[in-house]
Amino acid sequence: MSPSSAHVDLTKTICAIATPPGRGGLGIVRLSGPDAIAIADRIFQGHSKLSEQEGYTVHHGFAVDSRTHAEIDEVLATLFRAPRSYTGEDLVEFSAHGGQLVLSRIVDACIAAEAIPAQPGEFTLRAFLNGRIDLTEAEAVADLIAAKTDESSAAALAQLKGQLHEEILALRAGIIAALARLEIGIDFTEEDIAPSEIAGVRDRIQEVRGRVLRLLRSYDRGRVLREGFTVVLAGPPNSGKSTLFNRLAQDERAIVTDIPGTTRDILREYINLNGWPVCILDTAGMRESADVVERIGVERAEHAIKEADGVIWLIDSTTDVTPQLPVIDEKSNRTPWAICCNKSDVSSVLSIVSQRLTSKSEIASEHGQPVEHDIGGPDTPVRPRCDDTRVLEISAKTGAGIDELLKTVSAWIEPIGTARSGGTFAINDRHRRALQSADAALASALESLARADGVELAAFDARNAALHLGEIIGETTTEDVLTEVFKNFCIGK
Amino acid sequence: MTRSPRIIVIGGGHAGIEAACAAAGMGAIVAMITQDPQAIGRMSCNPAIGGIGKGQIVRELDAMGGRMGLLTDRAGIQFKILNRRKGPAVQSSRAQCDRRLYQSAAQDEIAAIANIKIATDNVRSLTIENNRVTAVIGDSGETYPADAVILAAGTFLEAVTHVGAERKSEGRFGEPPSRGLSGQLRSLGFEVGRLKTGTPPRLDGSSIDYSLCEIQPGDQPPRGFSRRRPIPIANRANCWLTYTTTETHQLITDNIGRSPLYNGQISGIGPRYCPSIEDKVMKFAEKPRHQLFLEPEGMGTDEIYINGFSSSLPAEVQLDALRTIPALRDVKMTRPGYAVEYDFFPPTQLHLTLDTKPINRLYFCGQINGTSGYEEAAGQGFVAGVNAVLAIRGEEPFILGRCESYIGVMIDDLVTLGVDEPYRMFTSRAEHRLHLREDNTERRLAQHGFRIGLVPANEYDALCRRWENIDRCIAEFEKTAIPAASIPFPGIKRQGGATLAELLRIPGVSFDDLNGFGAQIAPVETLVSEAVEIAIKYEGYIERQARQIEQFKRLESQRIPADLHYLGLTGLRREAKDKFTRIRPYTLGQASRIPGITSSDIAVLMVHLRTNSN
Ligand SMILES: Cc1cc2nc3c(=O)[nH]c(=O)nc-3n(C[C@H](O)[C@H](O)[C@H](O)COP(=O)(O)OP(=O)(O)OC[C@H]3O[C@@H](n4cnc5c(N)ncnc54)[C@H](O)[C@@H]3O)c2cc1C
Ligand SMILES: Nc1nc2c(ncn2[C@@H]2O[C@H](COP(=O)(O)OP(=O)(O)O)[C@@H](O)[C@H]2O)c(=O)[nH]1
Ligand SMILES: [Mg+2]
């Protein structure tokens, strides 16, 4: 159920944990609605009542459960008064240090004091309903909260300030000007449009289209900033994927065992690589298995490889390498690969693997000369041509070669980082689809303008292009857009 | 059995005629009250019907059982389709008419309808009981009781005409105005505004040098408006094109202080897109010349209407200015141009049915709603007439959608946006323009006319049979293959040849060309071949438009309860509450078009509607 189709009762006060789960340190519980301050006072014990304080003030005190009078934790309460708050309503935020459990207890206490639990995305929906933000801003807030690193926050902030909004407005204005010229020619015989003027209209549309395409290119950058650059750890069972995963994530999340095929689902962790969020995925081993659960894991791993921005393929240097070499569908993707001969602390197979790969598959050698060959028989798909494939030697256990591996991954991200054409635009998936539709409409308009009887067809296309751009900034909000935007929101935002 | 509804139509202009005929056609007893029965159907301005965006309205009326198309076919002396070089969605029919013939055709039509009675009177006031109109009172002293009243008073309310400094209380040249009515309505809570419009001088054709003009012949063969009841038509006259000169512009500039438009004598707002010659010269100073069309007023007369020269300058200045045009060097003016200022009611005071919000069963249509043009008036008249009957019968209202008709676009625009200058139809007002074509008018709308009883079953059946033929023909074209050897286009010469539909999609290939490729196509009527050609040639665009319409309908189909109490809705901005309360939108779609309403307002409204309905 999406919030826009749910019951949103603005007379009620809602509450939820506002920080993503699983992160240590400071967490926030947010209360918003007409009774936010009164409810906050019921669970907050400080020097003075919050209801007597002004907005934009912070107060130290303790959260207590009003039913038992038991102290929950030491908190800071930040007070915002309507309409000058994120939601446009009275709003109180409790910051606490005690982790998930403490935050949940504060929420419980609020609910006991007559708040209701927020639905997913409801804070943002309320902000939107109260006219606090437009759609792009709403999405930017979501991105802001989801952003995993400093750089992401910068890009999300830039969008919040309306750079994207301004660019879209400018593009729309360009289209509307072209459209107006066409419409006048249609509706007033005396103003019929001359072929020479058609050329002017075409130039104008072409110019807008160029800028739309540039925005689309910045999508990749935006996506990486938001979702992280996804690197999949793959390879045969026991090659050391989970060990490497733990080393990269620097904690003990994946179960490391000696039994092949223990990691049955995909684990993910974000790491910060030179300011870029990198999402590392640990997969189940890639091998034929009779175990149903494990087979599902293998399928997921294959899928993850397909979707990945980069792949780290591990080889267990302590056993025969031949069956461990990667086999990839040629059509699959142009993602960069790193082939890691793991367990270098025990034995070294680097030269064998390098040689096998360059002689058995179609990858770039040290000198960039691709050599064509099959890996496992005539029908086996081969590695696609890819300049980025590197063969490394590492030890997940001792950490040897890990720096080199991280450098390789950084090199993969670099081109995206420098593709800053046209400013910093955080383009999300919805924006991208709208821009793609606008682009298609503009392309169609250019085609129609070349037709003798195509003026009104071109006008139709141009109008649609303007509508698609308008969708991005919420100017022509259809129910679809609303539902779509808010359905991606997690609780507490 | 309940008695027939009694409906009063005030006014015998283009709005009044359609309103009366529609209501009578649905079984109402109609009294048409007008100041002068001889003036019923009079064309106040130029003797032409149709034009870009307007031709579509006339065709729509015809498809639903309206009269304007029939009358134009009877009175037309030159028929022409405008925008011929552009695509079918923006081509519009236009007909030059014999002014007297049009008037008599209209009067004959009304006279032939037994349940329309004509009363000669000047309505002075309305009788209101419990917020509902129950009767009207004329200058004669007579009281006319009614179940519903349709006001179609045109440019007559508190009207003043201007020719230079000369000012007269007139609704139209030589006709008395209507006094008191708008004052009473104001006291009943109506907002009243002031607009102006103008008309050009009339010329004596025998004093024009046509050798200095470009001839503008009609189409061959001519195309009439009515598809339901086509009659033989012919082009019997030509129009002519000439231009103003720099000398003309100089003369007008020198005398601009004598124009009531420029010296403050006229305060009403005139149309921007149909400007007076004074406006054209002053506001578009960079243009070296302006087009002027010389149009015959009729067959038995030499009088010429000079389209594009609307003016309220003193008569002698008008004449001097005309004589700076080479073809008009010795022209005689039979009547000077003039401007008229009149009261109108900002149309946001109306429901989409054209029922007024302050008073029940009182309908407004035509020029009094801030529109300009015969076609716009007629379209509203029809909708008002139909809705008056439906309301009395307690049936569902008749509301045409923006995605199905120009009339729907117009009324939605008027009611939702209001007007700040006289409203005239343009094709660009219709966001679903590619669907709102003249060729598919009947397919879009005839079922409405049939359902409300204004399109007889035999006419509707004939239309249905034609649609079947069109569909059959399209299906056949999609599957009939032509061997590669018979196809003269190298690009399309692929193995197995091409289907007829594929060939028809090639730019420049017409339906008739297909026979040249060795296809055996059974002869069909032009209306069928045309429709097939358009459906196939523009298939991609038509489909895309259709998808948009589907999407549009989703908000459009969400009705808002008429009695929704907006002030009590939490989360709605004050401004939005006020606007919704004032407009009382019929659907979420309409609500979203109210100026100043934001997407968040609609979201709130949507949330409340869902919450309430659960
Ligand atoms: C000077 C002038 C210039 C115009 N120029 C243009 C133009 O450039 N372009 C354009 O598109 N359109 C123009 N028009 C507008 C066009 O003529 C009108 O839009 C159209 O005729 C309106 O139709 P209607 O039915 O609303 O009103 P009208 O055709 O004006 O008819 C009104 C009817 O109501 C009757 N009536 C009024 N008051 C009463 C009463 N109290 N009691 C009884 N009967 C009453 C009148 O006798 C008349 O029959 C012009 C009109 C005028 C007068
Ligand atoms: N000596 C050595 N052992 C390793 C290294 N990396 C992983 N292992 C061991 O290999 C076994 C399988 O590791 P695991 O990470 O579970 O492999 P996975 O199945 O690919 O996830 C474990 O016993 C690890 O301790 C390494 O670099 N050196
Ligand atoms: Mg594992």
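Letters A, B, ... mirror the listed sequences (proteins, then strands); counts begin at 1.
With ring centers used as reference points, B:Y541 lies under 6.0 Å from A:F460. Under the 6.0 Å cut-off for aromatic ring centres, B:F552 and B:H432 qualify, their centroids lying closer than that.
Using a 30° and 60° split on the angle between ring planes, B:H290 and B:F284 fall in the perpendicular class, above 60°.
For chain A, the nearby parts of B:R544 are the backbone and the side chain; heavy atoms of each come within less than 4.5 Å. With a threshold of 4.5 angstrom between heavy atoms, B:Q548 approaches chain A through side-chain atoms but not through N, CA, C or O. Looking at B:K54, there are no atoms closer than 4.5 Å to chain A (heavy atoms on both sides), in backbone or side chain.
Relative to the ring axis of B:Y423, B:R429 places its NZ or CZ within 45° and under 6.0 Å from the centre.
Under a 3.5 Å cut-off, the side chain of B:S92 and the backbone N or O of B:G53 do form a donor-acceptor pair.
Salt-bridge check for A:R463 with B:E431: failed, with every basic side-chain N at 4.0 Å or more from each acidic carboxylate O.
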Practice task
Report the C-alpha separation of B:F426 and A:F188 in whole Å, then their side-chain angles, then the decisive distance to 0.1 Å, and conclude whether the ring pair (Phe, Tyr, Trp, His ring centres under 6.0 Å) test is met.
Solution key: CA-CA 9 Å; B:F426 296 117; A:F188 298 86; 5.2 Å; yes
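Within residues 589-596 of chain B, no residue approaches chain A closer than 4.5 Å by heavy atoms.
For the pair B:P507/A:R451, no side-chain contact is recorded, criterion being any heavy-atom separation below 4.5 Å from C-beta on.
Interface check for chain A: of the options B:T427, B:N83, B:L82, the most heavy-atom pairs under 4.5 Å are formed by B:T427.
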